[in-house]
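Presented below is the structure to which this report refers.
As the structure lists them, so they are numbered: ligands from 1, and atoms in each ligand from 1.
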Amino acid sequence: MPHVNKTTNLDAEISSTDLGELPADVVTDHNHKLYIETVGCQMNMLDSELVVADLRKRGYELTQNIKEAETILFNTCSVREHAEHKIYSSLGRLRYGARKNPRKVIGVMGCMAQKDQKLIFQKAPQVDFVVGTGQLAQVSELIEKARIHHSKNERSRELAVGLGRKDGKHAEITNSFQSYDPLRDPEMRPSPYQAFVRIMIGCDKFCSYCVVPSTRGPEQSRSPREILSEVKVLANQGVKEVTLLGQTVNSYKHTQDGKLFRLSDLLYLIHDIEGIDRIKFVTSYPKDMTNDLLEAIRDLPKATRYLHVPLQHGCNDVLKYMKRGYTVEDYREMMQRINEILPGCSVSSDFIVGHPGETEESHQKSLESIREFRFKNSFIFKYSERPGTKAAERFPDEISDKIKKRRNNEMLKVQNEISEEDNAEFIGKQLAVLVEGPSKSAQKAADASSDTLAEQLVGRSNCDRIVVFDGSLRLAGSIAHVEIFDVTPTTLIGSIVTKEYQHQLGSSLPILQ
Ligand code: 5AD
Ligand code: SF4
């Protein structure tokens, strides 16, 4: 598909430059060491993985040492101000090194790139290019263009971003955000057995506090055909678990060959792919949690009994300020359906504390909602005013940081109590655990002693609980059966029941939670 917005160089027009005719040393005479810093959500982790995979094909090699890298990328997040500060201070630290070494190329990608655009060059003049969430396919070209500028002693200020939500016709805006999903390099995944698969980009919900509809553009679902061929490739590479990603993943809708496909249809199709043992999806939007989806999870053994459906607040007044489009009663009705159709299903939530309009009484209602809905876990965020959002336009950010912090801690305390109580219910039970590899502490110990056979393993149950237990590293990538004997608010601790391991959920062992 054509890109509506061509890359623009803000100082000089070099769009006619043919990269094929460049002096060889300009493009190749740098050290090909690539450093990338990623902040933000799983969508950003996936974007970084795909960009790195593309650059590796072009001879780049990842390094953890920013000083030795001559190509430096920041994949940024704008959801809260704090995440942006972090990136600007990392950029600040690079100012001197970039001036000293003209071969150093610095790029800013992701949500902050889309949101701040030219402002990034003003705040951090050492940046060579800024590339939005919908232009990631252009990263390698932008790196090379930056090197051309440097070789001519020119300043490089390449900008490739999508259109703003009011800057054109809907189709033009949509076209300016391209999903970037090349087929994968197996080495680039965080675990060989797990992979994220994007099924949609963007968001059209426009919650009043949230910057995502402008940084990630209009909601667009990928075709089932593309998604299936990607999952098949991943399965052939040994992936056992796919996590389908979308900002409101259960709003997925795509018409292919005259037929409408929803997320439930996609689950059925992916379920048939040999080699895939588990299918998860995040993040869901409460109003779109339809019964066909819950029934698909019930009927498909590979679909995990886990849903991430953020409530965001427990008070209807605040939900209204947030423009979330539902009430606590609607959410309760959804939870009843989940519990009826999917008994034992875990649900996790996100909450914002200190949103404009939140009173002490409304905060108490959020605490109450954690007790009522018994979330497996909750991600709790202090409200951060985001320029350009409806909330920033309409309401002053009047709640002090001290109060936000206190409310945040109170939410965490209640959630921890609930999580620990519910985790304790698993003591004495057996769970089917997809083994991911050594636990964090085992990994640290192994790194220190260069011992590769770490003893403590970590994995997840079908209801997304983290489970640690002792076992052989050979179990990684298989389903192990673990009996739980102890718990913390975040982890179940168990011991392995059978050392036999299976590669298919459908084999003789019973499917446990
Ligand atoms: N301030 C604080 N938290 C926010 N989130 C989104 N926007 C903001 C904001 N302006 C939270 C929501 C969302 C999660 C990814 O980030 O809870 O679900
Ligand atoms: Fe942001 Fe709301 Fe869209 Fe989630 S649903 S990405 S909170 S606008």
- prompt: Going by distance alone, is a donor N or O of one side chain under 3.5 Å from an acceptor N or O of the other, for Asp292 and Ser264?
  reply: yes
message: Give me the nearest non-hydrogen protein atom to atom 11 (C) of ligand 1 as residue plus atom name, then the distance to 0.1 Å.
response: Arg80 NH1, 3.3 Å
statement: Per salt bridge (charged side-chain N to carboxylate O under 4.0 Å, His left out), Asp464 is matched among Arg278, Lys376, Arg305 by Lys376
- prompt: Does ligand 2 have a heavy atom under 4.0 Å from the side chain of Thr248, from its backbone, from both, or from neither?
  reply: side chain
task: Within a distance under 4.0 Å of any heavy atom of Lys205, pick out the atoms of ligand 2 and give their elements.
output: 5 (S)
query: Just by distance, with hydrogens left out, do His363 and Glu410 show a side-chain donor and acceptor under 3.5 Å apart?
result: yes
message: Check for me whether Lys123 meets the cation-pi criterion with Tyr88, that is, NZ or CZ under 6.0 Å from the six-membered ring centre and within 45 degrees of the ring axis.
response: yes
query: In terms of atom number and element, which parts of ligand 1 are under 4.0 angstrom from non-hydrogen atoms of Tyr383?
result: 1 (N), 2 (C)
query: Identify the closest protein heavy atom to atom 4 (Fe) of ligand 2: which residue and atom is it, and at what distance?
result: Arg324 NH1, 4.3 Å
field: Nearest-neighbour protein heavy atom for atom 1 (Fe) of ligand 2, which is reported as residue plus atom name and distance
entry: Cys210 SG, 2.3 Å
field: Atoms of ligand 1 close to Arg386 [distance to a heavy atom under 4.0 angstrom, numbered from 1]
entry: 10 (N)
- prompt: What atoms in ligand 2 come closer than 4.0 Å to a heavy atom of Gln247?
  reply: 6 (S)
task: Return the residue, atom name and 0.1 Å-rounded distance of the protein heavy atom closest to atom 17 (O) of ligand 1.
output: Gln312 OE1, 2.7 Å
message: Would Gln220 and Phe177 count as a side chain to side chain contact (heavy atoms under 4.5 Å, CB included) here? Give the steps.
response: CA-CA 9 Å; Gln220 298 181 63; Phe177 285 85; 3.9 Å; yes
- request: Taking only heavy atoms of Pro213 into account, list the atoms of ligand 2 that are under 4.0 Å away from them.
  value: 8 (S)
- request: Flag the pair Arg222 and Asp181 as a salt bridge only when some basic side-chain nitrogen lies within less than 4.0 angstrom of an acidic carboxylate oxygen.
  value: yes
task: Write out the residue and atom name of the closest protein heavy atom to atom 7 (S) of ligand 2, then the distance separating them to 0.1 Å.
output: Tyr209 OH, 3.3 Å
Heavy-atom closest pair, residues Gly357 and Tyr321: CA-CE1, 3.7 Å
task: Check whether any heavy atom of Arg216 sits under 4.0 Å from an atom of ligand 2.
output: no
- prompt: Who's the nearest protein heavy-atom neighbour of atom 10 (N) of ligand 1, and how far?
  reply: Ser384 O, 2.8 Å
Exercise: identify the closest heavy-atom pair between Val131 and Ala113: O-CB, 3.4 Å
message: Can you classify the ring geometry of His308 versus Tyr306 as parallel (below 30°), tilted (30 to 60°) or perpendicular (above 60°)?
response: parallel
message: For Leu311 versus Arg324, what's the shortest heavy-atom pair and its separation?
response: O-NE, 4.5 Å
Contact summary for Pro218 and His170, nearest pair of heavy atoms: CB-NE2, 4.0 Å
task: State, without any angle test, whether Ser90 and Glu37 hold a side-chain donor-acceptor pair at a distance under 3.5 Å.
output: yes
message: So for Lys382, does at least one of its heavy atoms come nearer than 4.0 angstrom to any atom of ligand 1?
response: yes
- prompt: What part of Cys203, side chain from CB on, backbone N/CA/C/O, both or neither, has a heavy atom under 4.0 Å from ligand 2?
  reply: side chain
message: Pairing donors with acceptors under 3.5 angstrom, does anything connect the side chains of Thr389 and Glu393?
response: no
Protein contact to atom 6 (C) of ligand 1 [nearest heavy atom, distance to 0.1 Å]: Val79 CG1, 3.3 Å
- request: Note the single closest protein heavy atom to atom 18 (O) of ligand 1, along with its residue, its atom name and the distance in Å.
  value: Asp350 OD2, 2.6 Å
message: Please list the nearest protein heavy atom to atom 2 (Fe) of ligand 2 with its residue and the distance rounded to 0.1 Å.
response: Cys207 SG, 2.3 Å
- prompt: When you measure from atom 7 (N) of ligand 1 to every protein heavy atom, which one gives the shortest distance, and what is it?
  reply: Tyr209 CD1, 3.3 Å
- line: Logged contact type for Pro310 with ligand 2, heavy-atom cut-off 4.0 Å, is neither
message: Show the atoms of ligand 2 that are less than 4.0 angstrom away from any heavy atom in Val212.
response: 6 (S)
query: Counting from 1, what ligand 2 atoms have a heavy atom of Phe206 closer than 4.0 Å?
result: 8 (S)
